Structures are given as structure tokens and as C-alpha cells.
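A short write-up of the structure that comes next.
Source: prediction; values computed, not measured.
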Amino acid sequence: MSTAQILPEIEYPESDGKPVAETEIHFEWITYVRDVLKFRYRGQRVYVGANLLVYYVPGDPRKSFAPDDFVVKDCEPGLRRTFRIWDEQRTPDVVFEITSSSTRREDQGKKPKIYARIGVKELFLYDPTCDYLNPPLQGFRFENGRKVPIQPDASGALECRELGLLLRLEERRLVFFDARTGERLLTEAEAAEARARAAEDRASSAEHRASTAEEEVRRLREELARARQAETSSDE
């Protein structure tokens with residue numbers, strides 16, 4: 001009979017007991033960032049997570065954090081209950097935090113220290129209410145364990161090198177752009193709406209062209225009728 005000790009299976013909780021977001025505003029922005037990034041990486045081997053517990057020390061369920069949004073490149077997409085770095089063999093590349101009153105200290109202090117230690121490459125903080133961060137959009141790169149601020153370009157945008165993105169505020173709202181093409185990133189719903197508007201515009205334009213053509217045909221027929229009437233009158 002074996003005398004080897006059987007260790008109990010370690011439980012990694014799926015919730016930290018905290019609310020997803022402090023307010024509806026913050027919840028909407030967490031969802032928006034997730035949806036923009038999911039649509040950008042559709043069909044690619046990239047995982048986009050939101051408010052998911054990330055465990056970074058095997059065997060120690062106390063070592064975890066829950067980013068508002070994060071992106072892991074070269075990682076299978078799909079739903080997860082938790083994200084365990086040792087199982088995935090991947091670390092989040094970029095983290096996005098939607099800062100609020102209850103999270104600002106963690107977003108600026110505790111979490112960045114963990115991110116620097118485990119190998120996160122870039123961090124972006126956004127305060128949608130402009131109450132807790134100055135400026136309300138901030139970016140950092142982790143270099144040799146240090147948090148280095150990302151300086152805005154001439155337009156005020158912050159470059160996310162890891163994802164090839166530019167982040168900018170437009171009327172205090174966070175907007176994503178493709179750094180190479182300059183194209184604004186949309187959610188799937190926004191893209192569908194844009195396609196519908198474009199189709200309506202094309203239909204309206206085609207209808208206008210048809211109406212214009214009919215009017216031209218009518219005008220030419222009237223001119224032809226007048227010309228024939230004039231010819232008839234002169235013959236008489």
C-alpha cells in the first residue's frame with residue numbers, strides 16, 4: 001500500500017467577490033473596449049478577456065488579479081472561467097483599466113507592480129468621468145521591470161505598439177484607431193450599423209440618379225414634341 005501523501009486539489013475561485021464595475025458608466029466602457037478588441041481580432045489566434053480572474057502563481061490562489069480588459073496574443077480565443085498563466089503558457093500582453101473611485105489606487109499602484117513582474121508589456125488607464133486621472137487617458141510600457149509613461153503624439157494619441165493601435169480621446173470619449181491605416185476601430189454592432197447606412201446611402205443615390213434620368217427623359221420628350229409641333233406649323 002502506497003504511503004505517498006495525496007494532496008488536495010487546489011481550488012482557484014472564479015470570482016473575487018467584487019462588482020464588475022463601480023457604475024453603469026464604467027461597466028459600459030469595459031464592455032465597449034472588449035467588443036472593439038474582439039471584433040478587431042475576430043478569426044485570429046488572439047484572446048480578449050474582460051473582468052476575468054488571472055492567476056499567475058501555480059498553487060497559490062491568492063496570487064490573482066482581474067483586469068478590466070486584456071489581450072493575449074498567440075493564444076486560443078474562446079470562453080474561459082479563469083485564466084491561469086501556467087496552463088495557457090501565455091501572459092497578457094496589454095491591459096486596459098477603466099479607472100473609478102474604488103479602483104484608482106489599485107490601477108495606479110498595486111496592479112502595475114504585478115504587471116511589471118509577470119511580463120505584461122503595456123498598460124492603459126482611462127477615466128471616463130475625468131474625475132480620478134489627470135490626464136484621463138494614460139499609457140505605460142514596462143521596460144526592465146519599470147513603468148515608463150507613453151508620451152502622446154502631436155494629435156494627443158497614445159500608441160499601443162503591441163497591438164498596432166492609437167488611443168485618443170474625442171470629446172472625452174475613448175476611441176481606437178489602427179496605427180497603420182488610421183481607420184477607426186468599431187464594435188461588431190457599430191460596423192453593422194455603418195454597413196446599413198452605406199447601403200441606404202447607395203440606394204438613395206441610385207434612386208436619385210433614376211429620378212434625375214426620368215426627369216431628363218421627360219424634358220427631352222417635351223423638347224422633341226415642341227420641335228415636331230414647330231415643324232408642323234411651318235409646313236402649314
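When every heavy atom of Glu159 is checked against every heavy atom of Arg141, the shortest pair comes out as O-NH2, 3.0 Å. Annotation for Asp69 and Ala50: closest pair OD1-CB, 3.5 Å, computed over non-hydrogen atoms. When all heavy atoms of Ile85 and Pro92 are compared, the closest pair comes out as CD1-CD, 4.4 Å. Nearest heavy atom pair, residue Asp93 against residue Glu162, reads OD1-OE1, 4.2 Å. Contact record, Phe142 with Ala116: CD2-CB, 3.6 Å, taken as the closest heavy-atom pair. Here the closest non-hydrogen pair linking Val120 and Thr91 is N-CG2, 4.1 Å.
With rounding to the nearest 0.5 angstrom, the CG atom of Leu185 is 10.0 Å from the CG atom of Leu166. Distance check, rounded to the nearest 0.5 Å: CZ of Arg184 to CZ of Arg168 gives 10.0 Å. With values rounded to the nearest 0.5 angstrom, Gln108 atom CD is found 5.0 Å from Leu133 atom CG. Once rounded to the nearest 0.5 Å, the distance linking CZ of Arg40 with CG of Asp35 reads 15.5 Å. One finds the CD1 atom of Ile118 at 15.0 Å from the NZ atom of Lys113 (value rounded to the nearest 0.5 Å). Note that the CG atom of Asp131 and the OG atom of Ser101 stand 9.0 Å from one another [nearest 0.5 Å].
Here the side chains of Arg62 and Ser64 are not in contact, with every heavy-atom distance at 4.5 Å or above. Between Cys160 and Leu167 the shortest side-chain heavy-atom distance falls below 4.5 Å. For the pair Glu97/Thr103, no side-chain contact is recorded, criterion being any heavy-atom separation below 4.5 Å from C-beta on. For the pair Val46 and Val72, the minimum side-chain heavy-atom distance is 4.5 Å or more. At least one side-chain heavy atom of Glu88 sits under 4.5 Å from a side-chain heavy atom of Cys75. Side-chain contact check for Gln138 versus Asp127: every heavy-atom pair is 4.5 Å or farther apart. Within the 4.5 Å cutoff, no side-chain heavy atoms of Arg105 are placed close to those of Asp107. A heavy-atom distance below 4.5 Å is found between the side chains of Glu76 and Arg45.
Here the side chain of Arg90 pairs a donor or acceptor atom with the backbone of Lys73 at under 3.5 angstrom. A donor-acceptor pair under 3.5 Å links the side-chain atoms of Arg42 to the main chain of Phe39, judged by distance alone. Asp153 places a side-chain N or O within 3.5 Å of a backbone atom of Ala157 that can act as its donor or acceptor partner. Judged by distance alone, with hydrogens and angles left aside, the side-chain atoms of Asn144 form no donor-acceptor pair with the main-chain N or O of Arg146 at under 3.5 Å. Panel note: side chain Lys111, backbone Ala66; a donor-acceptor pair is recorded below 3.5 Å.
Within a 6.0 Å sphere centred on CD of Gln44, heavy atoms belonging to other residues, nucleotides or ligands number more than 12. By the 6.0 Å contact criterion, CD on Glu188 is open, its count of non-hydrogen atoms from other residues, nucleotides or ligands being 12 or less. Within 6.0 Å of CD on Glu183 lie no more than 12 heavy atoms contributed by other residues, nucleotides or ligands. Remark: Lys147 NZ is packed, more than 12 non-hydrogen atoms of other residues, nucleotides or ligands lying under 6.0 Å away. For Phe177, the CZ atom is densely surrounded, since the number of other residues' heavy atoms within 6.0 Å is greater than 12. The neighbour count for Arg117 CZ, taken as heavy atoms of other residues, nucleotides or ligands under 6.0 Å away, is above 12.
In terms of hydrophobic clustering, with Ile, Leu, Val, Met, Phe, Trp and Tyr side chains grouped at heavy-atom distances under 4.5 Å, Val33 and Ile30 are assigned to a common cluster. Grouping the Ile, Leu, Val, Met, Phe, Trp and Tyr side chains by contacts below 4.5 angstrom, directly or via other members, places Leu37 with Trp29. Val175 and Ile25 are not part of a single hydrophobic cluster, where members link through side-chain heavy atoms under 4.5 Å apart. A single hydrophobic cluster is not seen to contain both Val94 and Tyr115; linkage of ILVMFWY side chains at heavy-atom distances under 4.5 Å, directly or through other members, places them apart. Linking ILVMFWY side-chain heavy atoms closer than 4.5 Å, directly or via other members, places Leu123 and Leu174 in two distinct hydrophobic clusters.
The residue from Thr99, Thr31, Ile98, Asp68 that alone fulfils the side-chain contact (heavy atoms from CB on, under 4.5 Å) condition with His26 is Ile98.
Cation-pi contact between Arg80 and Tyr47: present, with separation from the ring centre below 6.0 Å and deviation from the ring axis of at most 45°.
Between Phe96 and Phe176, the angle of the ring planes goes over 60°, which puts this pair in the perpendicular group of the 30/60° scheme. By the 30° and 60° cut-offs, the orientation of the rings of Tyr55 relative to Tyr12 is perpendicular.
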message: Does Leu169 form a side chain to side chain contact (heavy atoms under 4.5 Å, CB included) with Tyr126? I'd like the steps, not just the answer.
response: CA-CA 10 Å; Leu169 294 185; Tyr126 171 52; 3.5 Å; yes

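Ring centers of Phe140 and Phe124: at least 6.0 Å apart, outside the cut-off.
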